[in-house]
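First up is the structure itself, then whatever we jot down about it.
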Amino acid sequence: MLLQSQTHSLRPLTTAHLAQTMTLLELTSAELCQKIEAELSSNPALELADQIRCRHCHRRLAQTGLCPVCSRPPNVAAEQPIVFLSPREDFRTFSDRLTGEDLPDDNLMVAEEDLPAYVLRQIATELAAEDRPLAAHILTSLDEDGLLTVTLFEIAHFYHVPLSRVENVLHMIQRCEPVGVGSETPQQALLVQLEVLAETRPVPPLALRAVREAMDLLSRRAYPELGRLLGVTTAQAAYIARFISNNLNPFPGRAHWGESHDSPDSNPTYHNPDVIISCLSQSPETQLVVEIVAPYAGALRINPLFREALAQAPAEKADQWQAHLEQAGLLIKCIQQRNHTIVRLMQRLVVLQREFILFGDAHLSPVTRASLADELEVHESTVSRAVSSKAVQLPNGRIVPLSKLFDRSLHIRTALIQIISQETQPLSDTHIADLLDKRGFPVARRTVAKYRAMEGILPARFRQPRPVFTAK
DNA sequence: CTATGGCACGGATT
DNA sequence: AATCCGTGCCATAG
């Protein structure tokens, strides 16, 4: 049976095709990258063409010419996002991005590249080129808890730069996911986390003092003493402590991701984003740029020499070679299809969740996978597969699971958080339910309790009777 | 007596 | 078909 490698049908041709497309769709870009590499080394029919780059910005491309950002037509509606495949292989290019300068340290390469690469990617755009060695040095000096093992002074001394510059770089790093990474002590990590957390949700004012002044009491769970020190009751002290342990992590290296703060999910793969969303400008009408990380896209092809050689293949090898050829063609086609699906999906999704992407949690609209599948005219399970286990990087640098864009209750939970943060006296669940109802979120009282629990907020009677004012 | 958490059920989602 | 989520009912703590 001949392989119709020229055919560009978007519809699966064979059951094998179908099955493989399904499997590929579930893979993370990093996993796909590994799979392709495995295939490349075992299958001689497959080869890697030269990388194509944009003539202007040198971004890696899937097709020749200008990248979609550089070539974008001048007047496009803001709602229309720019979506394109970005064939970068992330962890590979980690060293690429640092080069230009000499690498300060050999152990930078393989050993613990997951966490450093993950963090570096988040700050890559803001980081001045001359600060890269500093960032690299810091990131490669982390222990498994994500804490710094060297002093800033040593680094400054090593590069002969002012301490303040190192501090600046560290500050950028600390504010990346996992928040607090690179801190020198657990205490410092907690402080950074509090700072970041306070931007998106209310934080008990005393938590800051508790961390700053009473770390030892916190770790010993000495709540009565803690209460006395802070001038509040034991119950309130316990609440603070619980808030801290629920929402903060003194060892940022053992990261959880996103906002979730449940049990230590030791998901071993740090998440390279599969999709990167950024803004073209600061204005609220900005067009969004969506990069779909698709390793080797456009660079993978069937080795023409192999195809020629096949004609004169020794008889005993002919079958095997033919199989190689078919396998390679199939893989390429499946990858194309995977990318195509993801592009279409993101294209639509970004439009639907534009508000959320730009303005944060409160603006998430509850989109279901089913409804999206319907619009795209694909099967629900296709969307499900494409969404599961992938991560997306938002313009603000946060990396969250793609499934968060399908969260049905996040916007209600943020409304709830907001209500509680503004309460002058603790409101009962029933009362909160009423308030939510007035805002257009009809939820049962019982559900309020569930949301509270999810957010690590204690029941009304354990909350502070009235806001305690502290020196900020 | 009121406010909450636990358990379990049914419908929606995956 | 399996799972998740919102909700109602009931026991319990304050």
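In what follows, chains are A, B, ... by sequence order, proteins preceding strands, each numbered from 1.
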Over all strands shown, is A/Ser409 touching base, sugar-phosphate only, or nothing at heavy-atom distances under 4.0 angstrom? sugar-phosphate
Pairing residues for A/Phe441 by the ring-ring contact (aromatic ring centres under 6.0 Å, His included) criterion, not counting sequence neighbours: A/His411
Checking A/Ser183 against A/Gln188: is there a side-chain donor and acceptor pair closer than 3.5 Å? no
Using the C1' atoms of the five pairs at each end, what is the angle between the end axes of the helix from B/dC1-C/dG14 to B/dT14-C/dA1, to 10°? 10°
Using a distance-only test with no angle check, is there a side-chain donor-acceptor pair under 3.5 angstrom linking A/Ser29 and A/Asp274? yes
Check whether any side-chain heavy atom of A/Val387 lies under 4.5 Å from a side-chain heavy atom of A/Leu349, and answer yes or no. no
Produce the list of close N/O pairs, under 3.5 Å, pairing protein atoms with atoms of nucleotides 11-14 of chain C; give distances to one decimal.
none

Return yes if some donor-acceptor pair links the side-chain N/O of A/Gln337 with the main-chain N/O of A/Cys334 below 3.5 Å, else return no. no
If only side-chain N and O atoms count, and only distance matters, is there a donor-acceptor pair under 3.5 Å linking A/Arg413 with A/Gln418? no
Quick test: give all pairs of protein nitrogen or oxygen and nucleotides 12-14 of chain B nitrogen or oxygen below 3.5 Å, distance rounded to 0.1 Å.
unit_1: B/dT14; atom_1: OP1; unit_2: A/Arg369; atom_2: NH1; d: 2.6
unit_1: B/dT14; atom_1: O3'; unit_2: A/Ser384; atom_2: OG; d: 2.9

Establish, from distance only, whether the side-chain atoms of A/Ser365 and A/Gln353 form a donor-acceptor pair under 3.5 Å. yes
Any protein N or O atoms within reach of nucleotides 1-3 of chain C? Criterion: under 3.5 Å, listing atom names and distances.
none

Less than 4.0 angstrom from a charged side-chain N to a carboxylate O is my criterion; do A/Asp361 and A/Lys404 meet it? yes
In terms of the nearest nucleotide of DNA chain B, which residue is placed more toward the 5' end: A/Arg445 or A/Lys450? A/Arg445
Measure CE/A/Met454 against P/C/dC5 and give the value in whole Å, please. 7 Å
For A/His379, all residues meeting ring-ring contact (aromatic ring centres under 6.0 Å, His included), sequence neighbours excluded: none
Counting only distance, no hydrogens or angles, is the base of B/dG5 paired donor-acceptor with the side chain of A/Arg452 under 3.5 Å? no
